[in-house]
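First comes the structure, then the notes that go with it.
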Amino acid sequence: MSIQHKDIAAIRQDYVLGNLSASDVDNDPIRQFKKWFDEAIHSEVIEPNAMVLSTVSSHHLPSSRIVLLKDISDEGLVFFTNYESRKGDDMKENPHVALLFFWPELQRQIRIEGMIEFTNQADSDEYFQSRPKASRIGAIASPQSREIPNRDFLETRVEELSDQYKDSDVVPRPEHWGGYLLKPIYFEFWQGRASRLHDRIVYKKVSDSWRITRLAP
Ligand SMILES: Cc1cc2nc3c(=O)[nH]c(=O)nc-3n(C[C@H](O)[C@H](O)[C@H](O)COP(=O)(O)O)c2cc1C
């Protein structure tokens, strides 16, 4: 095979913004994640909480999409979605998932792997009610990941629901919508370096503690 698009092949960024060593990082990957996340918030990163969620179906087929990180605790990372979506179906069958953050402005990538659990219903209710009313109605109106005939189908459902809830600020959370908690067993913090000699610091959970190592770039 010869390369067809030399202009694509020539896109190349040299990374010079920072460095990372095992002696710099926190012993706890969640604290290290919070440190980097804080730095992303305070730099020019647009939507630093946007992350790629990869799931694997019951037929062993992987798929990826962006979701938004909505909470971080000592237990792990939380996001919200439709439990009956394609990703919801995947996670029902296979709770092993991967998350990926890419913050190009900081020349950083974070990979996280682990097992998924449902958040408790009270947390899902609280977050659902904190969303704007139109987003709550949108979440009810959209049978996420299912085929629909056209856009009118959605807009009609939104109109009907808006009418149903016109006198109320409380739009109840549908049972099929809520949070997931990813309990991590693996983190990789990647810092771009010059000449492709990037830094990769990995945390692997062994029993109840974290083993920190460096990987070749
Ligand atoms: C910036 C961005 C943020 C998103 N955040 C969410 C989210 O928090 N939850 C969600 O269910 N989908 C979110 N989406 C939409 C998903 O990427 C995806 O289209 C949807 O969840 C359906 O995925 P699925 O069919 O694989 O289940 C977001 C998309 C983008 C581009």
Side-chain angles (χ1 to χ4, degrees), residues 30 33-34 37-38 40-58 61-95 97-103 105 110 112 114-184:
I30 301 250
F33 177 83
K34 284 182 177 166
F37 191 65
D38 222 39
I41 288 172
H42 291 104
S43 62
E44 301 295 303
V45 176
I46 300 166
E47 290 205 286
N49 61 333
M51 55 189 186
V52 177
L53 163 71
S54 299
T55 57
V56 179
S57 76
S58 53
L61 299 173
S63 67
S64 299
R65 79 287 291 154
I66 302 271
V67 292
L68 295 177
L69 175 68
K70 287 293 171 178
D71 199 15
I72 315 168
S73 71
D74 291 344
E75 282 199 291
L77 293 88
V78 173
F79 58 90
F80 291 88
T81 190
N82 186 316
Y83 293 144
E84 293 172 356
S85 61
R86 178 175 175 189
K87 69 183 102 45
D89 287 346
D90 285 358
M91 291 185 284
K92 230 171 268 161
E93 296 296 323
N94 184 346
V97 306
L99 294 175
L100 179 77
F101 292 84
F102 175 43
W103 296 321
E105 297 83 349
I110 304 177
I112 304 171
M115 299 268 282
I116 214 81
E117 286 178 5
F118 293 116
T119 57
N120 66 50
Q121 301 211 2
D123 288 351
S124 291
D125 285 335
E126 187 186 332
Y127 174 67
F128 190 74
Q129 293 308 334
S130 77
R131 304 175 85 208
K133 190 174 178 186
S135 306
R136 281 177 275 154
I137 286 180
I140 301 175
S142 166
Q144 194 177 59
S145 315
R146 307 290 158 226
E147 282 185 18
I148 53 173
N150 48 42
R151 193 169 171 93
D152 279 353
F153 168 91
L154 270 187
E155 286 173 1
T156 306
R157 284 181 63 128
V158 167
E159 271 169 34
E160 287 166 0
L161 287 159
S162 303
D163 197 46
Q164 186 181 336
Y165 292 109
K166 68 176 182 305
D167 298 324
S168 166
D169 274 344
V170 180
V171 177
R173 175 180 65 86
E175 272 184 20
H176 62 262
W177 193 99
Y180 286 98
L181 166 71
L182 177 127
K183 293 179 118 171

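- Crowding of Leu61 atom CG: a count of heavy atoms from other residues, nucleotides or ligands under 6.0 Å exceeding 12.
- In the displayed structure, Arg151 atom CZ is contacted under 6.0 Å by at most 12 heavy atoms of other residues, nucleotides or ligands.
- The minimum heavy-atom distance between Leu77 and Pro184, with the atom names listed, is CD1-CG, 4.5 Å.
- Between Phe101 and Phe37, the ring planes are perpendicular. Angles over 60° get that label, and only those under 30° would be called parallel.
- Using a 4.5 Å heavy-atom cutoff, the side chains of Ser142 and Ile148 are not in contact.
- The shortest non-hydrogen separation linking Ile46 to Glu105 is N-OE2, 4.1 Å.
- Put simply, the side chain of Lys87 never gets that close to the backbone of Ser63: no donor and acceptor are under 3.5 Å apart.
- Residue Leu68 comes nearest to Glu47 through the heavy atom pair CD2-OE2, 3.9 Å, listed as atom of the first residue, atom of the second, then distance.
- Closest of all the heavy-atom pairs between Ala40 and Pro48 is CB-CB, 3.9 Å.
- We find the CG-CE distance between Leu182 and Met91 to be 9.5 Å, quoted to the nearest 0.5 Å.
- With sequence neighbours excluded, no residue forms a side chain to side chain donor-acceptor pair (under 3.5 Å) with Tyr83.
- A donor-acceptor pair under 3.5 Å is formed between the side chain of Asn150 and the backbone N or O of Phe153.
- Side chain to side chain, Thr55 and Arg65 meet the donor-acceptor criterion of an N or O pair below 3.5 Å.
- Residue Arg131 places its CZ atom among more than 12 non-hydrogen atoms of other residues, nucleotides or ligands, all under 6.0 Å distant.
- In this structure, the separation between CD1 on Ile112 and CG on Leu69 is 8.0 Å, given to the nearest 0.5 Å.
- Rounded to the nearest 0.5 Å, atoms NZ (Lys133) and CG (Leu161) are 10.5 Å apart.
- Expressed to the nearest 0.5 Å, how far CG of Asn49 lies from CD1 of Ile72 amounts to 9.5 Å.
- Taking both residues in full, the closest heavy atoms of Ile140 and Phe128 are given as CG1-CZ, 4.3 Å, listed atom of the first, atom of the second, then distance.
- Around CD of Gln164, the count of heavy atoms belonging to other residues, nucleotides or ligands within 6.0 Å exceeds 12.
- The main-chain N or O of Asp152 is found under 3.5 Å from a side-chain atom of Thr156 such that the two form a donor-acceptor pair.
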**Prompt:** Would Asp89 and Lys92 satisfy salt bridge (charged side-chain N to carboxylate O under 4.0 Å, His left out), going step by step from the backbone distance to the final call?
**Reply:** CA-CA 5 Å; Asp89 287 346; Lys92 230 171 268 161; 3.6 Å; yes

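- The distance from the CD atom of Glu126 to the CG atom of Asp71 is 9.5 Å, given to the nearest 0.5 Å.
- Looking at Lys183 and Glu75, their side chains come closer than 4.5 Å, going by heavy atoms from C-beta outward.
- Formation of a donor-acceptor pair under 3.5 Å by the Ser124 side chain with backbone atoms of Gly179 is found in this model.
- Looking at Arg173, its side chain does come within 3.5 Å of a backbone N or O of Trp177 through a donor-acceptor pair.
- Within 6.0 Å of CD in Gln129 there are more than 12 heavy atoms belonging to other residues, nucleotides or ligands.
- Expressed to the nearest 0.5 Å, how far CE of Met51 lies from OG of Ser64 amounts to 12.5 Å.
- Remark: Phe79 pairs with Tyr180 by the ring-ring contact (aromatic ring centres under 6.0 Å, His included) rule, at least two apart or across chains.
- The closest side-chain heavy-atom distance from Tyr127 to Val78 is not below 4.5 Å.
- With sequence neighbours excluded, the residues forming a side chain to side chain contact (heavy atoms under 4.5 Å, CB included) with Ser43 are Val45, Leu106, listed by chain and number.
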